[in-house]
Trainee: 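Please see the structure below; I have some questions.
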2 protein chains.
Amino acid sequence: MSSRTASFDELDRKIITALMANARTSFAEIGAVIGLSATAVKRRVDRLRETGVITGFTATVEPSALGWRTEAYVEVYCEGAAPPRRLAEVVRNHPEITAAMTVTGGADALLHVRARDVEHFEEVLERIRTVPFIRKTISVMVLSHLIPDSPEAGATQAAPE
Amino acid sequence: MSSRTASFDELDRKIITALMANARTSFAEIGAVIGLSATAVKRRVDRLRETGVITGFTATVEPSALGWRTEAYVEVYCEGAAPPRRLAEVVRNHPEITAAMTVTGGADALLHVRARDVEHFEEVLERIRTVPFIRKTISVMVLSHLIPDSPEAGATQAAPE
DNA sequence: AGTGAAACTGAGTGCGG
DNA sequence: CCGCACTCAGTTTCACT
């Protein structure tokens, strides 16, 4: 669970790349590619999960197919000192907020919001604006994606450079 | 592959929710929860993949554990009419750009960038700025995440509302 | 579309190098 | 840390309802 030393070699990196491409690749198949037995691959994957490098396995879904057709980023401006903990509370109460972070620049926080349509998005925005310490919001609607959309939490490749 | 009719019922939605929570949940286990046999669940999953609702299965990875410790959003301003196709080309040539989209507001595009550190990020930024038709960029650095980080491409729950 | 059984493939574990 | 061999669980296909 805890990511302590977290030292991993070239082999681990290749395993991660394989699992990011397809989380259902069998250990034997990965092993065949990188030159290791299925057992060895399994043990390394277990270790990567224990050390917190791999946090889970999820299905990637086309949001529009599920009825989420509107996407936007919302810059949030707070009154005085913005307490990240209270913001986190607010954010958790709105399922349409799929990501939230504190940022540099004029705004205190940046939210990623998914909604059914523009009407639904407006409703979410109104809900956010009722929060006492939120002073102002600026919305940027997403028009189209220029790349197929890689996972927010993971990098395109297993290692920088 | 093609997402045509893509009509799915309550059962499909529950299957999607289960697989988003854990892509390795067995068909039998999902079936036990929603009241279906493993065979029936498998066929529905196969159909959901064919119709493009489920686009894949991936391992979620802690970017910082892989050496990606710097994250930012970059607003891109272009000269005259910004051609999305040419922007898409540019974006594909930089592995540090993990998401790119056209947006409303002053900027023409918004990029999500991951880099090793601030030095690396600066280098990426300089590379982006050499593109002829890119006039200006505004960077917003991510300081901390307020929620564990849900996948960019998928919604928190399987259906709006 | 759903079920249940058969055949097969991959996961998980103990032991030895 | 790795590989081998074994067991068992999960996947996949098929015949049938």
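Within every chain, numbering begins at 1; the chains are lettered A, B, ... in the order of the sequence lines, protein sequences first and strands thereafter.
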Trainee: Taking CZ from A:Arg44 and P from C:dA11, how many angstroms apart are they, rounded to a whole number?
Mentor: 17 Å
Trainee: Under 3.5 Å, is there a donor-acceptor pair between the side chain of B:Thr104 and the main chain of A:Met141?
Mentor: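 Answer holds: yes.
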Trainee: Mind calculating the distance between CG (B:Leu11) and P (C:dG2) to the nearest angstrom?
Mentor: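 Answer to the nearest Å: 7 Å.
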Trainee: Looking at A:Ala23, is its backbone amide N or carbonyl O close enough to the side chain of B:Arg24 to form a donor-acceptor pair, meaning the two atoms are under 3.5 Å apart?
Mentor: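 Flag set: sc B:Arg24 to bb A:Ala23 pair under 3.5 Å.
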Trainee: Taking CZ from B:Arg47 and C1' from C:dG2, how many angstroms apart are they, rounded to a whole number?
Mentor: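 Answer to the nearest Å: 13 Å.
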Trainee: For the backbone of A:Glu71 and the side chain of A:Arg114, can you confirm whether one donor and one acceptor N or O come within less than 3.5 Å of each other?
Mentor: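 No, because the side chain of A:Arg114 does not come within donor-acceptor range (under 3.5 Å) of the backbone of A:Glu71.
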Trainee: In the single-linkage hydrophobic clustering (I, L, V, M, F, W, Y; side-chain heavy atoms under 4.5 Å), do A:Leu48 and A:Val33 co-cluster?
Mentor: yes
Trainee: Return yes if some donor-acceptor pair links the side-chain N/O of A:Arg49 with the main-chain N/O of A:Ile54 below 3.5 Å, else return no.
Mentor: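 Looks like no, no N/O pair under 3.5 Å.
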Trainee: Can you check the A:Ile30 CD1 to D:dC2 C1' distance for me, whole Å?
Mentor: 17 Å
Trainee: May I have the step-by-step check of salt bridge (charged side-chain N to carboxylate O under 4.0 Å, His left out) for B:Glu89 and B:Arg86, ending in yes or no?
Mentor: CA-CA 5 Å; B:Glu89 260 177 66; B:Arg86 300 206 44 196; 5.4 Å; no
Trainee: Between A:Asp9 (CG) and D:dC2 (C1'), how many Å, whole number?
Mentor: 13 Å
Trainee: Report, as a single string ordered 5' to 3', how protein heavy atoms within less than 4.0 Å touch nucleotides 11-17 of chain D: B base, S sugar-phosphate only, - not at all.
Mentor: SSBB---
Trainee: How many Å lie between CG on A:Leu36 and C1' on C:dA11, as a whole number?
Mentor: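 About 16 Å, once rounded to whole Å.
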